[in-house]
Amino acid sequence: MTMSPETQIARLMMQHRTTLYGYIFACLRDHSDSEDVLQLVTIAAMESCHQLRDEKGFLPWAREIARRRVLAHRRSKAKEKPIDPELVQALTDAADRVDKKLPATPQQLALLECLDHLPPNSKLLIMERYDSQSGDAEHLAAKFGNTVQSIYARIKRIKIALRKCVERRIMEESTLDL
């Protein structure tokens with residue numbers, strides 16, 4: 001009985017997982033990012049399993065996929081503007097206020113307004129992303145009928161739009177106060 005190409009790739013990925021993870025971690029030096037990239041490598045290997053000629057060539061082939069994914073990850077991280085520490089603090093304070101029933105800060109109110117102005121699919125995606133029950137990318141990809149990569153890209157675009165919206169609203173508020 002012969003195995004399907006997908007089954008062979010899955011078996012080889014499990015067999016060489018430690019080696020591939022070690023390579024990715026050596027490049028990124030972050031466990032969470034390394035796990036994310038390894039998942040992307042697994043998906044890419046499964047999608048392109050027909051390109052693998054024989055099992056002996058698997059590790060170099062998978063390592064090349066990993067190399068490309070690492071480079072793409074680094075490019076995306078370089079382009080990604082870190083979230084404003086004040087906004088992170090505002091979100092943290094918001095969680096404390098909800099627990100203590102304190103009034104929301106201007107940043108929190110701006111974020112809520114910005115969330116309300118998102119297109120319905122974007123709002124649903126970002127809300128579900130931060131829901132502890134359904135927030136993993138694989139679940140979201142299946143639910144929205146997208147690849148995991150496209151889900152990450154959509155979430156990134158939504159977060160950038162929210163950050164800009166919050167900054168704009170805060171600036172508008174501060175100019176009204178003058």
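Side chains are part of it too, since the values below use all heavy atoms of this structure and drop only hydrogens, waters and symmetry mates.
In this structure, the side chain of K143 does not engage the main chain of E128 through any donor-acceptor pair within 3.5 Å. R74 contributes a side-chain N or O that, together with a main-chain N or O of C27, makes up a donor-acceptor pair within less than 3.5 Å.
R129 has its side chain out of reach of K159: every pair of non-hydrogen atoms, C-beta onward, lies at least 4.5 Å apart. Side-chain contact between K156 and S76 is present, with at least one heavy-atom pair separated by less than 4.5 Å. Contact annotation: the side chain of R163 approaches that of I160 to within less than 4.5 Å [non-hydrogen atoms, C-beta and beyond]. Contact annotation: the side chain of P120 never approaches that of K123 to less than 4.5 Å [non-hydrogen atoms, C-beta and beyond]. At least one side-chain heavy atom of N121 sits less than 4.5 Å from a side-chain heavy atom of R154. Taking 4.5 Å as the limit, some side-chain heavy atom of M13 sits within range of a side-chain heavy atom of V41. Using a 4.5 Å cut-off on side-chain heavy atoms (C-beta onward), E113 and V166 make no contact. Between W61 and I65, the closest side-chain pair of non-hydrogen atoms falls below 4.5 Å.
Distance check, rounded to the nearest 0.5 Å: CD of Q51 to CD1 of I9 gives 10.0 Å. To the nearest 0.5 Å, atoms CZ (R11) and CZ (F58) are separated by 9.5 Å. Atoms CG and CG, on L124 and L118 in that order, are 11.0 Å from each other to the nearest 0.5 Å. Rounding to the nearest 0.5 angstrom, the gap separating the CD1 atom in I170 from the CD atom in E167 is 9.5 Å. Within the model, atoms CG of L12 and CE of M14 stand 9.0 Å from one another, a figure rounded to the nearest 0.5 Å. One finds the OG atom of S34 at 11.5 Å from the CG atom of L20 (value rounded to the nearest 0.5 Å).
Summarising the geometry of M46 relative to A10, their closest heavy-atom pair is SD-N, 4.0 Å, with the distance given to 0.1 Å. When every heavy atom of R29 is checked against every heavy atom of A26, the shortest pair comes out as CD-O, 3.5 Å.
Under the 4.5 Å side-chain heavy-atom criterion for grouping Ile, Leu, Val, Met, Phe, Trp and Tyr, I24 is not connected to Y152 through any hydrophobic cluster. One hydrophobic cluster, built from ILVMFWY side chains closer than 4.5 Å, cannot hold both L71 and Y23; they sit in different ones.
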**Item:** Residues I43, V148; criterion side chain to side chain contact (heavy atoms under 4.5 Å, CB included); working and verdict
**Value:** CA-CA 9 Å; I43 292 166; V148 173; 3.8 Å; yes
**Message:** Working note: R169 + C114, criterion side chain to side chain contact (heavy atoms under 4.5 Å, CB included); need CA distance, chi angles, decisive distance, verdict.
**Reply:** CA-CA 9 Å; R169 289 190 182 275; C114 292; 3.6 Å; yes
**Item:** Pair L40-D36, side chain to side chain contact (heavy atoms under 4.5 Å, CB included): steps then yes or no
**Value:** CA-CA 6 Å; L40 295 175; D36 290 346; 5.6 Å; no
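Just one of L28, T42, D30 meets the side-chain contact (heavy atoms from CB on, under 4.5 Å) condition when paired with V37; it is L28.
Between Y21 and F25, the angle of the ring planes stays under 30°, which puts this pair in the parallel group of the 30/60° scheme.
Salt bridge status for E64 with R67: present, with a side-chain N to carboxylate O gap under 4.0 Å.
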